[in-house]
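Remarks on the structure that follows.
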Amino acid sequence: MPAPVRSKLAHALETGSKAERAIANFMLSTLDQVPFETAASLAAKVGVSEATVGRFCRSIGYASFKDLKEHLKDDLGDHPWLVSDRLNELRKTARDDEGHLSQGMELEIAAIVRIYEYARSPEWQKVVARLASTQHVFVAGFQTERGLAQYFANQMQYLRDQVTLLDLAGGNFAEVLASEQGACLVIFEARRYSRLAKLLARAAKTAGTPVTLITDAFCDWGHEAADEVFAVPTQFNQFWDSTAQMASLSNLLINGVFMELGPQVEGRLNRIADLYGRFTGHVGDPVSAVEK
């Protein structure tokens, strides 16, 4: 990625006004898509005026938004969004039917590329090691992201002990905030953000509990409230923002933890599978008999 542009955006994220931080955060989270934006389209997505985008670009050393994009062009090149003949054919078919489907497909593929880029970062490796070794892992999700958090927690419970989906009904998050065990926290959240998500992240970080936030590209409070922020694209030309790529990211995290734990995880996987077979059972399973 282009270091000069990225470093200027990172600096603006720390020192800029609220609007400047929102623009910088969105650009940093979707850098590969910036060349395909206009000042107007970016302004609409961030919730600022087109003039504000122009002023922001000038404040970090570029003549205009177009000038900023020119500095990205040579560094990004032809991004490998369409990685096979099959994807090219899908794009052609989608364009022949409806143009917005073609563009949405390309945006989703770009989002997958972004997620795999995260998986090569030092921050990612730090989170994977923490999730594998910290005594207690807490997971939280709010509103529609509650399901993503539960999925992540349930999958992690197959790999290791002491993984807990936080109880939102308790009203105080004492499990993590008053815990004397070594703990870490993973939060799934997307706009419109729950007030509780921001408060919980801040309180946990202040208490010394590492916080990993999996969110969208619009979250301008994440970097001050969490230790790591994985901002996932959610806009794919659909009626509603899609958080499906957050599930893809969580699958990669789970795979990373599996690799980090190594062969020792096999015993737990077998025990969990055996318990499920004894108490619940699987369709057509000739091995495990459900206890009566």
Side-chain angles (χ1 to χ4, degrees), residues 1-2 5-6 9 25-37 41-42 45 69 72-73 75-95 97-128 131 139 141 144-145 147-152 154-156 186-191 212-219 222 226 228-260:
M1 288 189 178
V5 175
R6 187 178 179 87
L9 291 173
N25 180 72
F26 182 81
M27 286 191 183
L28 282 169
S29 301
T30 60
L31 201 58
D32 295 341
Q33 299 176 35
V34 169
F36 304 95
E37 299 282 1
S41 67
L42 188 144
K45 290 177 179 179
K69 292 197 296 181
L72 285 175
K73 185 185 298 182
D75 298 273
L76 292 177
D78 294 325
H79 204 74
W81 290 0
L82 302 175
V83 292
S84 71
D85 292 339
R86 175 61 179 152
L87 288 175
N88 277 307
E89 181 62 26
L90 282 173
R91 180 176 67 167
K92 181 178 183 299
T93 302
R95 182 176 290 121
D97 293 339
E98 293 185 64
H100 76 278
L101 291 179
S102 174
Q103 186 180 7
M105 181 185 68
E106 292 194 11
L107 289 171
E108 290 214 56
I109 295 168
I112 289 291
V113 171
R114 177 63 175 141
I115 290 167
Y116 275 82
E117 288 174 343
Y118 274 139
R120 296 185 178 95
S121 67
E123 292 80 10
W124 183 277
Q125 299 307 319
K126 184 189 301 183
V127 172
V128 165
L131 292 174
V139 186
T144 53
E145 288 67 55
L148 291 166
Q150 182 168 1
Y151 170 80
F152 181 75
N154 289 162
Q155 294 291 85
M156 283 286 293
V186 179
I187 297 177
F188 290 81
E189 181 65 319
R191 63 174 184 175
T212 302
L213 176 63
I214 300 171
T215 186
D216 57 25
F218 303 96
C219 183
E228 301 90 17
V229 177
F230 297 128
V232 179
T234 55
Q235 290 198 316
F236 307 118
N237 273 13
Q238 298 177 16
F239 167 72
W240 209 271
D241 284 6
S242 171
T243 55
Q245 305 304 339
M246 290 186 183
S248 296
L249 186 144
S250 72
N251 281 335
L252 271 184
L253 271 181
I254 291 164
N255 183 70
V257 173
F258 173 83
M259 300 298 290
E260 183 78 12

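What you are looking at is a predicted structure, and each value in this text was computed from that prediction instead of being measured. Keep in mind that the numbers below use all heavy atoms, side chains included, and drop hydrogens, waters and symmetry copies.
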Inset, instruction - Over all heavy atoms of both residues, which pair between Phe188 and Ala149 is shortest? Give the atoms and the distance, please. - result: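 Closest approach of Phe188 to Ala149, heavy atoms only: CD1-CA, 3.7 Å.
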
Legend entry - Smallest separation among heavy atoms of Val128 and Gly256, with atom names: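 For Val128 and Gly256, the tightest heavy-atom pair comes out as CG1-O, 3.3 Å.
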
For the [atom1] atom of [X] and the [atom2] atom of [Y], what is their distance to the nearest 0.5 Å?
{"X": "Leu213", "Y": "Phe230", "atom1": "CG", "atom2": "CZ", "answer": "10.0 Å"}
{"X": "Ser121", "Y": "Lys126", "atom1": "OG", "atom2": "NZ", "answer": "9.5 Å"}
{"X": "Ser242", "Y": "Asp216", "atom1": "OG", "atom2": "CG", "answer": "11.5 Å"}
{"X": "Phe218", "Y": "Gln235", "atom1": "CZ", "atom2": "CD", "answer": "3.5 Å"}
{"X": "Ile112", "Y": "Gln245", "atom1": "CD1", "atom2": "CD", "answer": "4.0 Å"}
{"X": "Trp124", "Y": "Ile115", "atom1": "CH2", "atom2": "CD1", "answer": "8.0 Å"}

Legend entry - Glu37: salt bridge (Lys or Arg N to Asp or Glu O under 4.0 Å) partners, not counting sequence neighbours: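 With neighbours one apart ignored, the set is Lys45.
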
Inset, instruction - Quick one: list whatever passes salt bridge (Lys or Arg N to Asp or Glu O under 4.0 Å) with Glu108, sequence neighbours left out. - result: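 By the salt bridge (Lys or Arg N to Asp or Glu O under 4.0 Å) rule, Glu108 matches no residue at all.
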
Inset, instruction - Using modelled atom types only, decide if a donor and an acceptor are shared between the side chain of Gln125 and the backbone of Ala119 within a distance under 3.5 Å. - result: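 Confirmed, Gln125 side chain pairs with Ala119 backbone.
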
Legend entry - Flag, side chain of Thr215 to backbone of Ala231, donor-acceptor distance under 3.5 Å: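 No, because the side chain of Thr215 does not come within donor-acceptor range (under 3.5 Å) of the backbone of Ala231.
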
Inset, instruction - For Tyr151 and Asn251, run side-chain contact (heavy atoms from CB on, under 4.5 Å): C-alpha distance rounded to whole Å, both residues' side-chain angles, the deciding distance at 0.1 Å, then the answer. - result: CA-CA 10 Å; Tyr151 170 80; Asn251 281 335; 2.6 Å; yes

Does a side-chain heavy-atom distance below 4.5 Å link [X] with [Y]?
{"X": "Tyr118", "Y": "Val127", "value": "no"}
{"X": "Leu42", "Y": "Met27", "value": "yes"}
{"X": "Val232", "Y": "Arg114", "value": "no"}

Inset, instruction - Report yes or no: is the cationic atom of Arg120 (NZ for Lys, CZ for Arg) closer than 6.0 Å to the six-membered ring centre of Tyr116, at no more than 45° off its axis? - result: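 Negative - Arg120 is either too far from the ring of Tyr116 or too far off its axis.
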
Inset, instruction - Using side chain to side chain donor-acceptor pair (under 3.5 Å) as the criterion, list what pairs up with Glu145, not counting sequence neighbours. - result: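 By the side chain to side chain donor-acceptor pair (under 3.5 Å) rule, Glu145 matches no residue at all.
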
Inset, instruction - Could you tell me which residues satisfy side chain to side chain donor-acceptor pair (under 3.5 Å) with Thr212, sequence neighbours excluded, listed by chain and number? - result: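 For Thr212, the residues satisfying side chain to side chain donor-acceptor pair (under 3.5 Å) (neighbours in sequence not counted) are Arg130, Glu228.
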
Inset, instruction - If a pair satisfies salt bridge (Lys or Arg N to Asp or Glu O under 4.0 Å) and one of its residues is in residues 244-255, list it, with sequence neighbours excluded. - result: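 Applying salt bridge (Lys or Arg N to Asp or Glu O under 4.0 Å) to every pair that reaches into residues 244-255, excluding sequence neighbours, yields nothing.
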
Inset, instruction - May I have all residue pairs that pass salt bridge (Lys or Arg N to Asp or Glu O under 4.0 Å) and include part of residues 234-249, sequence neighbours excluded? - result: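 Of all non-adjacent pairs touching residues 234-249, those that pass salt bridge (Lys or Arg N to Asp or Glu O under 4.0 Å) are Arg191-Asp241.
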
Legend entry - Step-by-step side-chain contact (heavy atoms from CB on, under 4.5 Å) determination, Val139 to Met156: CA-CA 10 Å; Val139 186; Met156 283 286 293; 6.0 Å; no

Inset, instruction - Apply the test side-chain contact (heavy atoms from CB on, under 4.5 Å) to residues Ile214 and Leu148: give CA-CA distance (whole Å), side-chain angles for both, the deciding distance (0.1 Å), then the verdict. - result: CA-CA 10 Å; Ile214 300 171; Leu148 291 166; over 6 Å; no

Legend entry - Neighbour count above 12 (heavy atom, 6.0 Å) for Phe258 CZ: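 No, not enclosed.
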
